[in-house]
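Presented below is the structure to which this report refers.
Numbering of residues begins at 1 and proceeds along the displayed sequence. Values in this document were obtained by computation on a predicted structure and should not be read as measured data.
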Amino acid sequence: MSIYVVPGVQGQIKTTTLPSGDMSVAGPASGPLEQIMLDVCRWTGQRNPDYGGWIVPRAAIGRVNAALSSRCSKIAD
């Protein structure tokens, strides 16, 4: 699991590898972090309320992690 934050913004974006090899991306349901998740995941992922966020296919994980790293600070791996 990785955790991403934006300094000065409350909340976290968490990524978790699923048994299928896909990745879940979860975070706040509103606000700036939700907008980052939307911007990063909407073209490659699918919204999934069971995980509180998005499911990103295995093939797109590197691209999504790079996009999150460019917009957030990674505080845990």
Qualifying residues under side chain to side chain donor-acceptor pair (under 3.5 Å), relative to Ser2, sequence neighbours excluded: Asp77
Side-chain heavy-atom pair Ile75, Gln12 within 4.5 angstrom cut-off: yes
4.5 Å side-chain heavy-atom contact, Val6 and Leu33: yes
Pairwise side-chain contact, Thr15 with Ser24, heavy-atom cut-off 4.5 Å (strictly under): no
Polar side-chain atom of Arg58 near backbone of Met23 as donor-acceptor pair, under 3.5 Å: no
Trace of the side chain to side chain contact (heavy atoms under 4.5 Å, CB included) decision for Val40 with Arg63: CA-CA 9 Å; Val40 167; Arg63 184 173 50 233; over 6 Å; no
Audit row: Asn65, Tyr4, side chain to side chain contact (heavy atoms under 4.5 Å, CB included) steps and yes/no: CA-CA 10 Å; Asn65 281 332; Tyr4 297 88; 3.4 Å; yes
Distance, nearest 0.5 Å, that separates CE of Met37 from SG of Cys72: 10.0 Å
Joint hydrophobic cluster, Ile36 plus Val56, side-chain heavy atoms closer than 4.5 Å: yes
Side chain to side chain, Trp54 and Arg42, heavy atoms closer than 4.5 Å: yes
Heavy-atom check, side chain of Trp43 versus side chain of Val64, under 4.5 Å: no
Separation between CG of Leu38 and CD of Glu34, rounded to the nearest 0.5 Å: 6.0 Å
Taking every non-hydrogen atom, the tightest pair across Pro57 and Gly45: CD-CA, 4.3 Å
Partners passing side chain to side chain donor-acceptor pair (under 3.5 Å) against Arg47 (at least two apart in sequence or in another chain): none
Min side-chain heavy-atom separation Ile3-Ile13 under 4.5 Å: no
Side chain to side chain, Lys14 and Met1, heavy atoms closer than 4.5 Å: yes
Approximate separation, where rounding is to 0.5 Å, of Cys41 SG and Asn48 CG: 12.0 Å
Verdict with supporting geometry, Leu18 and Ile55, side chain to side chain contact (heavy atoms under 4.5 Å, CB included): CA-CA 9 Å; Leu18 302 173; Ile55 302 298; 3.6 Å; yes
